[in-house]
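This one's a predicted model, so the numbers in the text were calculated from it and none came from an experiment. We name chains A, B, ... by the order of the sequence lines, and we start the count at 1 in each one.
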Number of protein chains: 2
Amino acid sequence: MARNQEQNEKMREERQAMIRAEALRQFAAKGLAATKIKDIAEGVGMAQGLIYHYYPSKEDIYVELINHALDKMNEAVYNLAGMPEPPDVKIKMAISEMLKTIDASRDFNQTCRLIAGAANSSVLPAAAQELIGKKRDIPYQVLAGIMEAGQGEGTIIAADPYELAVIFWTTVNGLAIYQATRPDPIPMPPARILYNMFLVDRDND
Amino acid sequence: MARNQEQNEKMREERQAMIRAEALRQFAAKGLAATKIKDIAEGVGMAQGLIYHYYPSKEDIYVELINHALDKMNEAVYNLAGMPEPPDVKIKMAISEMLKTIDASRDFNQTCRLIAGAANSSVLPAAAQELIGKKRDIPYQVLAGIMEAGQGEGTIIAADPYELAVIFWTTVNGLAIYQATRPDPIPMPPARILYNMFLVDRDND
DNA sequence: GTCTATATCCAGATAGAC
DNA sequence: GTCTATCTGGATATAGAC
């Protein structure tokens, strides 16, 4: 009956979610080529062949993760852009939040590593390549917009806004990867050191 | 005769250098697992099997490249530390130099990507793992020393020197990777935006 | 749905002719 | 030294029993 079908659907999606979570861990740590289906299956405690009951191929899992990771990142950035605060405050908030997240969230760091690994690789599934091409630049563009607005208000330093956005993201990204690849994490540096880069008037809280 | 042996030796080393150069390109772009011996062989224009006349295995090539990359990076850092200039000037010089190098040198960016890829991977040949463990932290430590000296002279901002060193390297590294993974390179941002992060008195050249 | 067994393919490494 | 041909292992994906 319909009730049972619903339940089955739910079970199936839970299983898929488990597979995705395990795959994210492994793809983030080892990349696509070095991660074996067998490893993922062992990670979730099922037989190797059973994975194919839930996903048609290793690459499909990978592409789905990449897509989700990019969307998540972009959604967060759009949220930031839509806030009512003035641009310089947005930058300060964003950096503080990112550092906190890097410190606390394994999932976020894995997401960063996944995207970084994909961006750094020239051999990706065609679908992943396309997604990256389409969605990867959005955070840079949105941030550049915020920087430009801040320059209009005289709170952000004079420089090419896109270059400022690049500095912003490469810095945050670099820290996330640093943290994710160290056995013992270091405390994140004070956010003001980073956001003072962009501010006309330094903040010494 | 000895003359011929010398010549043969030289030829052999040249071939090995060609293999290393091609392998660096490919490992940097694709990582260890996704790079096939066949690709490297094709890149240098020799038969797949012939590679094994020059190197015992794919992993051996990789380990040699990792070792060389780490040594090159560390040598540059020791050079910087040994210079007579005051710490704040060293920081400014170092950032300016790095940005110039990122802009100009493909080889340097490939080296960055190789190290970053290795650091980001949890499945490395044992020998590579060991090398990374031993040599990877040196640049951070040396930079921390310079930061600390600058704090003593009152030119570098107050903060944990190691955290400052981490910011320094993750920023530079992030930019190098950004540049290396874009089809059309962007102009590097002005160095002062970056080094002003660390300076008590901002520099507005 | 889940497992075991297996077909198939691909890539690392070796052998042997030239 | 260089090539082609081949051995071998491992990994993806499928088949079929339960």
Side-chain angles (χ1 to χ4, degrees), chain A residues 1 3-20 22-23 25-27 29-65 121-128, chain B residues 1 3-23 25-27 29-66 121-128:
Chain A
M1 16 172 191
R3 180 71 55 86
N4 275 343
Q5 281 199 10
E6 254 177 54
Q7 296 241 334
N8 285 345
E9 259 307 297
K10 209 183 143 192
M11 290 284 289
R12 184 179 168 82
E13 267 159 33
E14 272 169 19
R15 293 294 244 181
Q16 285 178 324
M18 285 174 63
I19 293 172
R20 277 199 306 274
E22 181 63 29
R25 268 191 288 280
Q26 303 220 15
F27 285 140
K30 302 188 292 193
L32 174 60
T35 298
K36 311 302 173 191
I37 287 284
K38 198 186 128 212
D39 304 336
I40 299 174
E42 274 172 16
V44 300
M46 58 172 67
Q48 183 258 0
L50 187 51
I51 297 282
Y52 293 90
H53 195 72
Y54 294 97
Y55 282 98
S57 75
K58 186 172 82 163
E59 294 201 344
D60 277 77
I61 307 176
Y62 185 79
V63 170
E64 191 166 320
L65 286 174
S121 170
S122 63
V123 277
L124 295 176
Chain B
M1 17 176 189
R3 178 70 55 86
N4 275 343
Q5 282 200 9
E6 252 176 57
Q7 296 241 335
N8 285 347
E9 258 308 296
K10 207 183 144 194
M11 290 283 289
R12 184 179 168 82
E13 266 158 34
E14 271 169 20
R15 292 295 242 180
Q16 285 178 324
M18 283 173 64
I19 292 171
R20 277 198 307 274
E22 182 62 30
R25 267 192 288 280
Q26 303 220 14
F27 285 141
K30 302 187 290 192
L32 175 60
T35 299
K36 311 303 172 190
I37 286 285
K38 197 187 127 211
D39 304 336
I40 299 174
E42 271 172 18
V44 301
M46 58 172 68
Q48 184 257 1
L50 187 52
I51 297 282
Y52 294 91
H53 196 72
Y54 294 97
Y55 281 97
S57 77
K58 186 172 83 162
E59 294 200 345
D60 276 78
I61 307 176
Y62 185 79
V63 170
E64 191 167 319
L65 286 174
I66 291 283
S121 170
S122 64
V123 277
L124 295 175

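For the OP1/OP2 pair of dT2(C) and a distance below 4.0 Å, the side-chain nitrogens and oxygens of Tyr54(A) include at least one atom meeting the criterion.
dT14(C) atom C1' lies 15 Å from atom CD1 of Ile51(B), rounded to whole Å. In this structure, the CD atom of Gln26(B) is 16 Å from the C1' atom of dG12(C), given to the nearest Å. Between the P atom of dA13(C) and the CD1 atom of Ile61(B) lies a distance of 9 Å, rounded to the nearest Å. Rounded to an integer number of Å, the gap from His53(B) NE2 to dT4(D) P is 16 Å. Taking atom CG of Asp39(B) as the reference point, atom P of dC10(C) lies 14 Å away to the nearest angstrom. Note: CD (Glu42(B)) to C1' (dA11(C)) measures 13 Å, nearest angstrom.
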Polar atom pairs (N or O), protein with nucleotides 12-15 of chain D, under 3.5 Å:
residue : atom : partner  : partner atom : Å
dT12(D) : OP1  : Ile37(A) : N            : 3.1
dT12(D) : OP2  : Ile37(A) : N            : 3.4
dA13(D) : OP2  : Tyr52(A) : OH           : 2.9
dA13(D) : OP2  : Lys58(A) : N            : 3.3
dA13(D) : N7   : Gln48(A) : NE2          : 3.2
dA13(D) : N6   : Gln48(A) : OE1          : 3.3

Apply side chain to side chain contact (heavy atoms under 4.5 Å, CB included) to Glu14(A) and Met18(A), showing your working.
CA-CA 6 Å; Glu14(A) 272 169 19; Met18(A) 285 174 63; 5.8 Å; no
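Every side-chain contact (heavy atoms from CB on, under 4.5 Å) that Val63(A) has, sequence neighbours left out, goes to Pro125(A), Ala127(A), Ala128(A), Leu131(A).
Contact annotation for Met46(B): backbone-only contact, meaning every heavy-atom pair under 4.0 Å involves sugar-phosphate atoms and none involves a base.
Contact annotation: the side chain of Tyr62(A) approaches that of Leu124(A) to within less than 4.5 Å [non-hydrogen atoms, C-beta and beyond]. Considering only heavy atoms from C-beta on, Tyr54(A) stays 4.5 Å or farther from Ile61(A) through its side chain. Residues Lys58(A) and Ile51(A) form no side-chain contact, since every pair of their non-hydrogen atoms from C-beta on lies 4.5 Å or further apart.
By the 4.0 Å N-to-carboxylate-O rule, Glu22(B) lies close enough to Arg25(B) to be salt-bridged with it.
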